[in-house]
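To start, the structure under review is shown below, and the notes come after it.
If you read the sequence from its start, that first residue is 1, and numbering goes on from there.
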Amino acid sequence: MKFSARLLAAAAFACVISAGALNAGALEAGVLKPGEPDNHSPEISADAAAKMIDPELAQSDFVEQCAGCHGVRGSSIPAHLPELKDRVGYFMCTPESRAYLLRLPNVAHSRLTDNAQLADLMNYVVFVLGGKSAPAGTKPFTAEEVARERQFPLTSGSLTGERMRLAKDAIRKCGAPRSLRLQYLGSPQ
């Protein structure tokens with residue numbers, strides 16, 4: 001019994017240290033302000049909520065399905081994964097890059113089988129986590145669009161190249177910032 005208590009205490013300590021390292025990385029990258037916790041989801045504006053059937057469920061689905069890698073607020077720092085926060089909306093500027101978001105393996109193969117529920121999750125990602133990065137007048141994802149695109153999932157071998165190509169298109173065609181070429185802040189180009 002003592003061994004289990006020590007093991008549990010060690011595991012709890014490791015979690016505290018890991019959380020501190022994650023917050024330190026987020027502070028260093030400018031994603032968090034000093035004193036701001038990174039353990040809560042961002043507020044859902046009325047405008048963003050209007051683009052979803054059930055904004056609270058969409059937020060919950062994001063936390064359960066995506067936040068483990070992309071962070072609750074859309075910041076994957078210090079992990080070397082694409083940043084969603086204030087950036088993902090730029091991928092809504094062309095039909096091809098819009099489809100890319102739905103064809104990502106973890107989206108296309110999501111355990112969420114209800115296409116309307118998955119559309120809501122993706123609208124949460126774009127319109128809440130993406131902040132003002134979605135071009136003006138961007139239409140939200142629909143269940144029909146999700147059903148169509150998730151039939152053609154991308155393979156992991158093509159993700160980096162495809163993302164880079166679409167990021168360059170968004171920069172050239174839609175005025176996205178040049179930093180969109182970076183998968184994450186501080187990544188090599």
Side-chain angles (χ1 to χ4, degrees), residues 14-33 36-42 44 48 58-94 96-112 118-134 138 141 146 149-150 152-171 174 176-189:
C15 287
V16 168
I17 296 300
S18 295
L22 288 173
N23 279 340
L27 283 168
E28 184 178 311
V31 175
L32 285 179
K33 295 173 182 64
E36 180 183 15
D38 191 27
N39 59 356
H40 61 84
S41 297
I44 302 174
Q59 184 176 56
S60 176
D61 285 340
F62 175 81
V63 170
E64 292 174 14
Q65 304 289 321
C66 313
C69 294
H70 289 286
V72 174
R73 296 155 100 28
S75 178
S76 59
I77 294 170
H80 295 172
L81 294 167
E83 283 287 305
L84 302 176
K85 184 178 167 82
D86 299 328
R87 298 164 51 101
V88 68
Y90 292 116
F91 285 91
M92 298 292 278
C93 85
T94 68
E96 190 177 17
S97 58
R98 182 182 172 104
Y100 162 83
L101 293 176
L102 298 176
R103 296 178 64 209
L104 289 165
N106 287 345
V107 176
H109 297 301
S110 171
R111 288 183 279 178
L112 298 179
L118 186 56
D120 261 7
L121 182 154
M122 292 303 293
N123 288 326
Y124 174 83
V125 168
V126 169
F127 298 106
V128 176
L129 300 178
K132 295 180 177 159
S133 63
T138 297
F141 288 116
V146 169
E149 296 300 338
R150 75 188 305 190
F152 308 102
L154 295 167
T155 63
S156 59
S158 64
L159 291 178
T160 304
E162 186 69 0
R163 185 194 177 287
M164 180 61 77
R165 186 178 68 75
L166 294 171
K168 287 178 180 177
D169 275 355
I171 292 165
C174 308
R178 295 180 60 77
S179 65
L180 193 62
R181 292 181 306 175
L182 305 174
Q183 281 205 54
Y184 52 93
L185 301 174
S187 70
Q189 294 197 29

Would you compute the distance between atom CG of Leu121 and atom CD of Glu64 and round it to the nearest 0.5 angstrom?
10.0 Å
So, taking the atom named OH in Tyr124 and the one named CG in Leu84, what distance separates them when rounded to the nearest 0.5 Å?
10.5 Å
Asp61 side chain near Leu112 side chain, heavy-atom distance below 4.5 Å:
yes
Keeping the roles fixed (side chain from Arg111, backbone from Gln65), state whether a donor-acceptor pair exists under 3.5 Å.
no
How about Cys66 and Asn106: do any of their side-chain heavy atoms sit closer than 4.5 Å?
no
Is the closest side-chain heavy-atom distance between Thr138 and Phe127 below 4.5 Å?
yes
Heavy-atom side-chain contact between Tyr90 and Pro177 under 4.5 Å:
yes
Search all heavy atoms of Leu159 against all heavy atoms of Pro105 and return the closest pair with its distance.
CD2-CD, 3.7 Å
Just wondering, do Val126 and Leu101 contact through their side chains at under 4.5 Å, heavy atoms?
yes
Val72 side chain near Ser41 side chain, heavy-atom distance below 4.5 Å
yes
With rounding to the nearest 0.5 angstrom, report the CZ to CG distance, Arg181 to Leu166.
14.5 Å
Rounded to the nearest 0.5 Å, what's the gap from CD1 on Ile44 to CD on Gln59? Could you check?
4.0 Å
Pairwise salt bridge (Lys or Arg N to Asp or Glu O under 4.0 Å) hits with a residue in residues 97-110, at least two apart:
Arg98-Glu145
Drop me the distance from Glu83's CD to Ser133's OG, to the nearest 0.5 angstrom.
12.0 Å
Can you tell me how far the CE atom of Met122 sits from the CG atom of Leu129, to the nearest 0.5 Å?
10.0 Å
Keeping the roles fixed (side chain from Ser76, backbone from Leu81), state whether a donor-acceptor pair exists under 3.5 Å.
yes
For residues Val107 and Arg150, determine if any side-chain heavy atom of one lies less than 4.5 Å from a side-chain heavy atom of the other.
no
